[in-house]
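A short write-up of the structure that comes next.
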Number of protein chains: 2
Amino acid sequence: MSAGFETRLREAGYRLTPARRAVFAVLRQASTPLSAAEVWRLGRARHAGLGRATVYRTLPLLVRLGLARALLAPGGVRYQCSEGGTHRLVCRGCGAELPLSGCPAGALAQELSEKYGYLVEGHLLEFYGLCPDCQRRMRHEV
Amino acid sequence: MSAGFETRLREAGYRLTPARRAVFAVLRQASTPLSAAEVWRLGRARHAGLGRATVYRTLPLLVRLGLARALLAPGGVRYQCSEGGTHRLVCRGCGAELPLSGCPAGALAQELSEKYGYLVEGHLLEFYGLCPDCQRRMRHEV
DNA sequence: AAGTAAATGATACAATGTCTCAACTAGCAC
DNA sequence: GTGCTAGTTGAGACATTGTATCATTTACTT
């Protein structure tokens, strides 16, 4: 799958550099979406002199190439590898996120592909609301 | 619906102030999601001395109260009123967004509500991929 | 009408992201 | 392998975006 990264970069006319490897490797290994600052910090472990500007240049590049995805978490933008879709329940009270399995969007993707000529590569399905705790809390404490 | 804003604020124990009215009114009237800076600029037209800090305090408050939603647009975070769901196709090549009608998520919301006890208030369904133009462009130009 | 806690706006500050540019290097040609 | 060249890098200045502080104001309760 790391080969996917290399070929994708090359076929798009970009060079394969230690900095880009480091940034992508950090995202690949992360078990949770990372902020740009976190990617920088972790990336320096892999590539000593990794620059901040390079990280900020590389992350959007990875997104444009379809190798990563930018998410809006409470607290700012975070990046993660883009493999397949992302599905979750987000509580607007406490920010808790509950991952979901099973997705109704897969079927729709094919349909959209035919209808609009889009090449659909992945999707993000987020439900917003209140978790049980926050529902209780909002009734009483506020 | 503006009443919804007022009661929501009151029932959560927050005061109804000119600043908050202005911020919310700006979001309500906007036909497109706005950045915090834009909300400030537009808000000053409605409430002369509106402070920057107040805008940055108010927008997350509106999100927590379920009155607004934060979106990650190319170029940063943007806010919009939260009425129902949001569905679109986003091209990772050029950033173009194509709104969708018809959504498979509504049915799932009810199911999630029962299964997890969440109060589901809205959702965001985004498909990522390449629009027809970008597919062509990627094959040739790059 | 008066009291009070919440909210405001100004400002200073911190964090986040962008731009510039000289130095470097990946990839290609030979 | 050696040299060439355009893409890329990293440092730092800069711009933007978001946060904390605090004296002053004000929405709401009684």
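Values below: every heavy atom of this structure, side chains too, minus hydrogens, waters and symmetry copies. To find a chain, count down the sequence lines: A is the first, B the second, and so on, and within it residues start at 1.
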Please report the end-to-end axis angle for the helix from C:dA1-D:dT30 to C:dC30-D:dG1, five pairs per end, rounded to 10 degrees.
50°

Set of residues satisfying side-chain hydrogen bond (donor to acceptor under 3.5 Å, both in side chains) with respect to [X], sequence neighbours excluded:
X	value
A:R15	none
B:R44	none
B:R78	B:E38

By nearest nucleotide on DNA chain D, pick out whichever of B:R52 and B:T17 is the more 5' one.
B:R52

side-chain contact (heavy atoms from CB on, under 4.5 Å) with B:R10: which residues, sequence neighbours excluded?
B:L16

Any residue meeting side-chain contact (heavy atoms from CB on, under 4.5 Å) with A:L59, in chain and number order, not counting sequence neighbours:
A:V23, A:L27, A:A36, A:V39, A:V55, A:Y79

When every non-hydrogen atom of B:A19 is compared with those of B:L50, the smallest separation belongs to CB-CD1, 3.8 Å

Can you name the nearest heavy-atom pair linking B:A22 to B:G43, along with the distance?
CB-O, 4.2 Å

Residues from residues 35-51 of chain A sitting under 4.0 Å of DNA chain C, heavy atoms only?
A:A36

Range on DNA chain D touched by chain B, heavy atoms, distance below 4.0 Å
D:dT17 to D:dC28

Would you classify A:A53 as touching base, sugar-phosphate or nothing, given that sugar-phosphate means primed atoms plus P, OP1 and OP2, and contacts are heavy atoms under 4.0 Å?
base

So what does A:R20 touch, heavy atoms closer than 4.0 Å: a base, only the sugar-phosphate, or nothing?
sugar-phosphate

State, without any angle test, whether A:R46 and A:Q29 hold a side-chain donor-acceptor pair at a distance under 3.5 Å.
yes

Calculate, to the nearest 0.5 Å, the distance between atoms CZ and CG belonging to B:R8 and B:L62 respectively.
11.0 Å

DNA chain C: A:P18 or A:P60, which has the more 5' nearest nucleotide?
A:P60

Could you list where the contact with chain B starts and ends along DNA chain C, reading 5' to 3', using a 4.0 Å heavy-atom cut-off?
C:dA5 to C:dA12

